[in-house]
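Each remark here refers to the structure printed beneath this line.
The residues of the chain are indexed from 1 along the displayed sequence.
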Amino acid sequence: MSRHALALGVLAAGSGALLLAAAAFARLPGRYLRLHALAAASTLGVPLTAVAVAVQTGPGRAAGKLLLIGALVLAAGPVTTMAIGRLTVRLDPGRSE
């Protein structure tokens with residue numbers, strides 16, 4: 001399997017995850033369900049896209065930077081989602097949309 005074919009496969013998976021999260025965000029009612037949909041995009045879609053671009057770039061410093069960005073988004077996505085969810089609950093404790 002060539003590097004280009006592997007990059008296309010990973011990019012298709014990442015793009016699919018992002019498109020699915022966007023469709024869920026547009027369709028789901030309530031802010032908490034929408035927040036859950038966006039968590040999938042930051043946890044799966046963006047890192048897969050970064051890996052695909054790194055594979056296409058080939059070995060080197062640029063690929064390392066792309067993998068670092070993907071890892072940072074992968075680590076920070078759930079933390080950011082939890083922080084936004086907790087802030088939303090604190091600002092509006094009576095509603096449970």
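- Heavy-atom minimum distance, Arg34 versus Leu28: NE-O, 3.0 Å.
- Partner of Leu87 under the side chain to side chain contact (heavy atoms under 4.5 Å, CB included) criterion, out of Leu91, Val89, Ile84: Leu91 alone.
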Side chain to side chain contact (heavy atoms under 4.5 Å, CB included) assessment of Thr49 paired with Leu18: CA-CA 9 Å; Thr49 304; Leu18 289 170; 3.9 Å; yes
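- For the atom pair OG1 (Thr43) and CG (Leu74), the distance works out to 6.5 Å, reported to the nearest 0.5 Å.
- Other cluster members for Leu38: Phe25, joined by side-chain heavy-atom distances under 4.5 Å among Ile, Leu, Val, Met, Phe, Trp and Tyr.
- Contact between Ala37 and Ala21 at its shortest, heavy atoms only, is O-CB, 3.4 Å.
- Other cluster members for Leu8: none, since no ILVMFWY side-chain heavy atom sits under 4.5 Å from it.
- Within the hydrophobic cluster formed by Ile, Leu, Val, Met, Phe, Trp and Tyr side chains joined at under 4.5 Å, directly or through other members, Leu66 is accompanied by Val53.
- Judged as a side-chain hydrogen bond (donor to acceptor under 3.5 Å, both in side chains), the pairs with a partner in residues 4-24 (not counting sequence neighbours) are, in order, His4-Gln56.
- Other cluster members for Met82: none, since no ILVMFWY side-chain heavy atom sits under 4.5 Å from it.
- Considering every non-hydrogen atom in both Ala63 and Thr57, the closest pair reads N-CG2, 4.3 Å.
- Counting heavy atoms from C-beta on, the side chains of Ser42 and Thr80 never come closer than 4.5 Å.
- Ala17 and Leu44 make their closest contact through CB-CD2, 4.0 Å (heavy atoms, listed as atom of the first residue, atom of the second, distance).
- Leu48 and Leu67 fall within a single hydrophobic cluster, where Ile, Leu, Val, Met, Phe, Trp and Tyr side chains are chained together by heavy-atom contacts under 4.5 Å.
- The minimum heavy-atom distance between Gly58 and Arg3, with the atom names listed, is CA-NH1, 3.6 Å.
- For the side-chain contact (heavy atoms from CB on, under 4.5 Å) test, residues two or more places apart in sequence or in another chain that qualify with Ala52 are Val10, Leu11.
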